[in-house]
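What follows is one structure encoded as structure tokens, with my remarks underneath.
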Amino acid sequence: MTQEELFKKLVAHSKEYGFIFPSSEIYDGLSAVYDYGQLGVELKNNIKRYWWDFMVKLHENIVGIDSAIFMHPRIWEASGHVGAFNDPLIDNKDSKKRYRADVLIEDWLAKQDEKIDKEIAKARKRFGDNFDEEKFRTTNERVLDIVKKRDEMHGRMVEALNNNDLGALRQIILDCEIVCPISGTRNWTEVRQFNLMFETKLGAAADGSNTIYLRPETAQGIFVNFLNVQKTGRMKIPFGIAQIGKAFRNEIVARQFIFRMREFEQMEMQFFVRPGEELKWFADWKEARMKWHRALGFGDAKYRFHDHDKLAHYANAATDIEFEFPFGFKEVEGIHSRTDFDLGNHQKFSGKKIQYFDHETGESYVPYVIETSIGVDRMVLQVLSASYEEEKLENGEERLVMHFPPALAPIKAAVLPLIKKDGLPELAHEIKDMLKLDHTIQYDEKDSIGKRYRRQDAIGTPFCITVDHQSLEDRTVTLRHRDSMEQERVAIADLPRIIGEEVSLRKLFTKL
């Protein structure tokens, strides 16, 4: 099964089992907009709780806020979004499809890496145990030619992006002979910039003075509340402010399911530090955030850092944490050293003094900022992608199972009476009512017990609790573990402790 086929199956599975639906589907949908179903919203909320508790509960110097989506339009002038929040776009004249120029080039660069990997795989198969990959990379003429051209085009792209040279970006696309995925032609327009912010009107009047924007990020709501939080919370540098909220971007090239959407959710934390100490804190937060991801247990090799080729106008250091999705390594979280750009500009544009008096140094200054910004929807896709498995069993059968970390699983346990009579459903409901005060529990009595196990595997339920006739005699049940499919007999009275320990966020936090 190819990675593309796997991804298509994952998208279909997400809809079939109530994780994610196309928005407005009965009206033929709305491009790049999705709704979370009954299981998807539970998964999403569990991810948000994992992030929020890590940031706010485990750090005494980080607090949370929830700022408004509508904000004064001058905020977006001060932040640079009105003038600089653009994507370089190019159209194919034959297919009439629009693409981001930099993404087309990045996809071409990724294909060159794939070519190199294929050459290495063929050589390894040919030479077997005697294969020296490092020597092959540095001596094989075909690999060296691919690397030389790849590095040349990568360097040209970085220079073009940093210089905002749209003509140079188009020329790279032509020189790399990049074709439109739809038409297969190289009939490209010029590259032009497109602002990503959604505009709307505030109030009843229609004049331009009432134009406001749907926020393209949640960070600015934190910056404009810096003094409110610092003073009311008596916060001392260094400290952070965390927020989870919706953001909106008019993405022209929205693709790959929920990876890139026009309406999405962010989890952002801005950490305020002394000027001159920002790069130390940048390194510390890089390490902390990578540990948070790897604690989920999907495999360390699935993650990597990717330093930015082009820094944003506000940053002096930036890196992404990338995860290996079925469509390749892509960003799930950005970590940026934003300097004093945001607070400094809001001080300038608002005319209000936004500074911190440091009692230890005896000076006032505009703090520098380290940002960690993670897309909730991308995290959902990451967890879905990493958890999905079509497992072949020893008896030759196959089961589809979602290996969610128990703390993130939408349903923590399913209670299943063996049959629908003889008092078994009543005892099963008693167990469900006992557990539902602490966990999301599902009751299921339809079909054979084997089919019910498979249904719970497919939605990632860590535990199945089977109630049988012996349960009525000694108040014990069969506890089935999702990943191993092992079954054990346990007392009903022990279920809260057993399940509570296994699905607690504490198990994840102890790895940090």
Side-chain angles (χ1 to χ4, degrees), residues 1-48 69-70 85 87 89-100 103-104 107 180-184 194-201 213-218 244-267 323 325-328 330-332 374-388 400 402 410 455 458-460:
M1 181 168 54
T2 66
Q3 291 299 298
E4 183 178 354
E5 291 170 338
L6 171 63
F7 189 58
K8 287 181 179 179
K9 285 189 173 185
L10 181 63
V11 174
H13 183 79
S14 296
K15 180 184 177 184
E16 181 182 357
Y17 283 90
F19 288 97
I20 300 165
F21 306 129
S23 182
S24 312
E25 186 177 22
I26 62 172
Y27 292 97
D28 297 325
L30 188 62
S31 175
V33 184
Y34 292 90
D35 299 331
Y36 282 83
Q38 65 275 19
L39 295 182
V41 71
E42 294 290 343
L43 175 61
K44 189 178 188 183
N45 285 339
N46 291 339
I47 291 171
K48 289 192 287 187
I69 290 173
F70 292 145
F85 193 54
D87 274 346
L89 302 183
I90 190 170
D91 291 352
N92 182 270
K93 297 178 182 178
D94 298 317
S95 68
K96 312 301 182 186
K97 294 294 183 180
R98 183 167 292 169
Y99 304 91
R100 270 181 54 176
V103 170
L104 285 176
D107 288 346
C180 168
I182 305 299
S183 68
F194 179 82
N195 193 281
L196 301 178
M197 286 198 296
F198 284 103
E199 291 186 9
T200 188
K201 301 294 182 182
Y213 303 95
L214 296 180
R215 65 183 183 192
E217 64 178 22
T218 63
I244 300 176
K246 285 288 186 76
F248 308 83
R249 296 181 185 178
N250 193 14
E251 298 277 4
I252 295 301
V253 190
R255 58 179 183 168
Q256 292 162 333
F257 195 29
I258 59 172
F259 182 81
R260 190 182 300 278
M261 300 193 296
R262 295 187 172 94
E263 175 186 341
F264 56 97
E265 201 162 4
Q266 290 180 303
M267 303 183 291
F323 178 79
F325 291 94
F327 42 85
K330 297 292 182 180
E331 175 197 355
V332 290
I374 179 170
V376 180
D377 308 280
R378 290 186 181 187
M379 269 302 299
V380 171
L381 185 56
Q382 172 190 320
V383 173
L384 287 170
S385 301
S387 301
Y388 183 94
L400 197 160
M402 301 296 290
R455 271 202 298 270
I459 64 174

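What you are looking at is a predicted structure, and each value in this text was computed from that prediction instead of being measured.
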- Task: Report yes if the distance between the aromatic ring centroids of F198 and Y213 is under 6.0 Å, otherwise no.
- Result: no

- Does S31 offer a backbone N or O that forms a donor-acceptor pair with the side chain of R262 under 3.5 Å? yes

- Task: Quickly, which of L381, L10, V11, L384 forms a side chain to side chain contact (heavy atoms under 4.5 Å, CB included) with I20? Name it, please.
- Result: L384

- Just how far is it from atom CZ of F264 to atom CD of E217, taken to the nearest 0.5 Å? 9.0 Å

- Aromatic ring centroids of F7 and F325 under 6.0 Å? no

- Message: Could you tell me if the side chain of L400 sits less than 4.5 Å from the side chain of H13, heavy atoms only?
- Response: yes

- Does a side-chain heavy-atom distance below 4.5 Å link F323 with K330? no

- Message: For K15 versus P22, what's the shortest heavy-atom pair and its separation?
- Response: CD-CD, 4.3 Å

- Message: Measuring only between side-chain heavy atoms, which start at C-beta, is M197 closer than 4.5 Å to N250?
- Response: no

- Item | Chi angles and distances behind the salt bridge (Lys or Arg N to Asp or Glu O under 4.0 Å) call for K48, E265 | CA-CA 10 Å; K48 289 192 287 187; E265 201 162 4; 3.1 Å; yes

- Message: Using 0.5 Å steps for rounding, measure from the CZ atom of F257 to the OG atom of S14.
- Response: 4.5 Å

- Message: If the condition is side-chain contact (heavy atoms from CB on, under 4.5 Å), which residues does S183 pass it with, not counting sequence neighbours?
- Response: N92, D94, S95, C180, T185

Tabulate below the donor-acceptor pairs under 3.5 Å that side-chain atoms of residues 33-41 make, not counting sequence neighbours, or state none.
from	atom 1	to	atom 2	distance (Å)
D35	OD1	S23	OG	3.4
Y36	OH	D377	OD1	2.6

- Carboxylate-amine/guanidinium proximity below 4.0 Å for E4 and K9: no

- Give the minimum heavy-atom separation between M267 and I47, together with the two atoms involved. CE-CG2, 4.2 Å

- Message: Working to the nearest 0.5 angstrom, can you tell me the gap between F327 CZ and S385 OG?
- Response: 6.5 Å

- For the residue pair K246 and T218, what are the closest heavy atoms and their distance? O-CG2, 3.9 Å

- Query: Can we call the ring centroids of F19 and Y17 under 6.0 Å apart?
  - Reply: no

- Report the distance from atom CZ of R100 to atom CG of D107, rounding to the nearest 0.5 Å. 10.5 Å

- Item | E16 CD to I459 CD1 distance, which is reported to the nearest 0.5 Å | 12.0 Å

- Tell me, yes or no, whether the heavy-atom count around F70 atom CZ, taken from other residues, nucleotides or ligands under 6.0 Å, exceeds 12. no

- Note on the structure: Value for CZ (R249) from CG (D87), rounded to nearest 0.5 Å, stands at 9.0 Å

- With side chains defined as the heavy atoms from C-beta onward, is the minimum distance between R378 and R260 less than 4.5 Å? yes

- Task: List the steps, then state whether side chain to side chain contact (heavy atoms under 4.5 Å, CB included) holds for K97 with D91.
- Result: CA-CA 6 Å; K97 294 294 183 180; D91 291 352; over 6 Å; no

